[in-house]
K.L.:
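After the structure tokens below, expect a handful of questions from me.
Computed from a predicted structure; not experimentally measured. Nothing fancy with the numbering, it's 1 onward along the sequence.
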Amino acid sequence: MMASIVVFYGFVSVLPQEIAFRAYVSWRMDAFNLPYLPALLVSAALFGWVHIIFGTWVSVVLAAVAGLSFYRTYRKYKSLAAVWLEHSLIGVSVFALGLENYFYLGPTSPAIAATCGAAT
């Protein structure tokens, strides 16, 4: 099961997230000439906020904290591959530690489920 999670999560979930949140968001912030610290905070906040879909503030806060590290890695190495690897390893660790309830079960509140079009 864990091998399936590693492959599925790394390619189907992490890669699109990194393209959207590191490559695209960073490119847009560069267009606005945002200094490093505000860009870091905006990127982390956006990354955390999209995790509200899981219906708990724990996922938002943990994702925002991880987003700080992901943005730092992306800026330091200027490499989508480096941040993709970091995000994949941290994400797999979440599953290995048993914290998947905060990131994997889908929308958990009726309001969020309705917004996502999911059946509750």
K.L.:
Where is the tightest heavy-atom contact between Y9 and V92, given as atom of each residue plus distance?
P.N.:
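Heavy atoms only, the tightest pair is CE2-N, 4.1 Å.
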K.L.:
For residues V58 and V94: do they belong to one hydrophobic cluster (side chain heavy atoms under 4.5 Å, members Ile, Leu, Val, Met, Phe, Trp, Tyr)?
P.N.:
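The answer is yes; both residues are in one hydrophobic cluster.
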K.L.:
side-chain hydrogen bond (donor to acceptor under 3.5 Å, both in side chains) with R75: which residues, sequence neighbours excluded?
P.N.:
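So R75 forms a side-chain hydrogen bond (donor to acceptor under 3.5 Å, both in side chains) with D30, Y71.
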K.L.:
If you define the side chain from C-beta out and look only at heavy atoms, does anything of L41 sit under 4.5 Å from L68?
P.N.:
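The answer is yes; the side chains approach within 4.5 Å.
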K.L.:
Dump the intermediate steps for side chain to side chain contact (heavy atoms under 4.5 Å, CB included) on M29 and Y24, then the final yes or no.
P.N.:
CA-CA 9 Å; M29 287 189 288; Y24 180 73; over 6 Å; no
K.L.:
Work out which heavy atom in G10 is nearest to a heavy atom in W84; give both atom names and the distance.
P.N.:
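Distance-wise, the nearest heavy atoms are O-NE1, 2.7 Å.
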K.L.:
I'd like to check the side-chain contact (heavy atoms from CB on, under 4.5 Å) partners of L85; sequence neighbours left out, ordered by chain and number.
P.N.:
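For L85 the side-chain contact (heavy atoms from CB on, under 4.5 Å) partners, ignoring immediate neighbours, are L89.
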K.L.:
Among the clusters formed by ILVMFWY side chains lying less than 4.5 Å apart, do V42 and V65 turn up in the same one?
P.N.:
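V42 and V65: separate clusters.
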K.L.:
Can you pull out every salt bridge (Lys or Arg N to Asp or Glu O under 4.0 Å) where at least one residue sits in residues 11-28? Sequence neighbours excluded, please.
P.N.:
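Checked against salt bridge (Lys or Arg N to Asp or Glu O under 4.0 Å) - neighbours excluded - the pairs reaching residues 11-28 are E18-R22.
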K.L.:
Show every salt bridge (Lys or Arg N to Asp or Glu O under 4.0 Å) that has at least one partner inside residues 45-55, sequence neighbours left out.
P.N.:
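Qualifying pairs: none.
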K.L.:
Check side-chain contact (heavy atoms from CB on, under 4.5 Å) between A23 and all other residues, then give those that pass, not counting sequence neighbours.
P.N.:
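So A23 forms a side-chain contact (heavy atoms from CB on, under 4.5 Å) with Y74, L80.
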K.L.:
I'd like to know if V61 and I53 are part of one continuous hydrophobic network [Ile/Leu/Val/Met/Phe/Trp/Tyr, side-chain heavy atoms within less than 4.5 Å].
P.N.:
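I53 and V61: separate clusters.
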K.L.:
With T73, which residues qualify under side-chain contact (heavy atoms from CB on, under 4.5 Å), at least two apart?
P.N.:
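With neighbours one apart ignored, the set is S69, Y77, A82, V83, E86.
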K.L.:
For S13, check side-chain hydrogen bond (donor to acceptor under 3.5 Å, both in side chains) against everything at least two apart and list the hits.
P.N.:
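Partners of S13 by the side-chain hydrogen bond (donor to acceptor under 3.5 Å, both in side chains) criterion, ordered by chain and then number, come out as Q17.
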K.L.:
Taking the six-membered ring for Trp, is the centroid-to-centroid distance between F21 and F70 below 6.0 Å?
P.N.:
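When the ring centroids of F21 and F70 are compared, they turn out to be at least 6.0 Å apart.
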K.L.:
Tell me whether I19 is reachable from V14 by hopping between hydrophobic residues (I, L, V, M, F, W, Y) whose side-chain heavy atoms are closer than 4.5 Å.
P.N.:
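Shared cluster, yes.
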K.L.:
Rounded at 0.5 Å granularity, tell me how far NE2 in H51 sits from CG in L62.
P.N.:
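Output value for this atom pair is 10.0 Å.
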K.L.:
Could you tell me which residues satisfy side-chain contact (heavy atoms from CB on, under 4.5 Å) with L97, sequence neighbours excluded, listed by chain and number?
P.N.:
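With sequence neighbours excluded, L97 shows a side-chain contact (heavy atoms from CB on, under 4.5 Å) to L99, given in chain and number order.
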K.L.:
So which atom in G67 and which in A44 form the shortest heavy-atom distance, rounded to 0.1 Å?
P.N.:
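Nearest heavy atoms, G67 then A44: C-CB, 3.9 Å.
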K.L.:
Please list all pairs passing the salt bridge (Lys or Arg N to Asp or Glu O under 4.0 Å) test where one or both residues lie in residues 3-15, with sequence neighbours left out.
P.N.:
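Sorted result for residues 3-15: empty, none.
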K.L.:
Identify the two heavy atoms, one from F47 and one from A63, that lie closest to each other, and give their separation to 0.1 Å.
P.N.:
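Of all heavy-atom pairs spanning F47 and A63, the closest is CD2-O, 3.1 Å.
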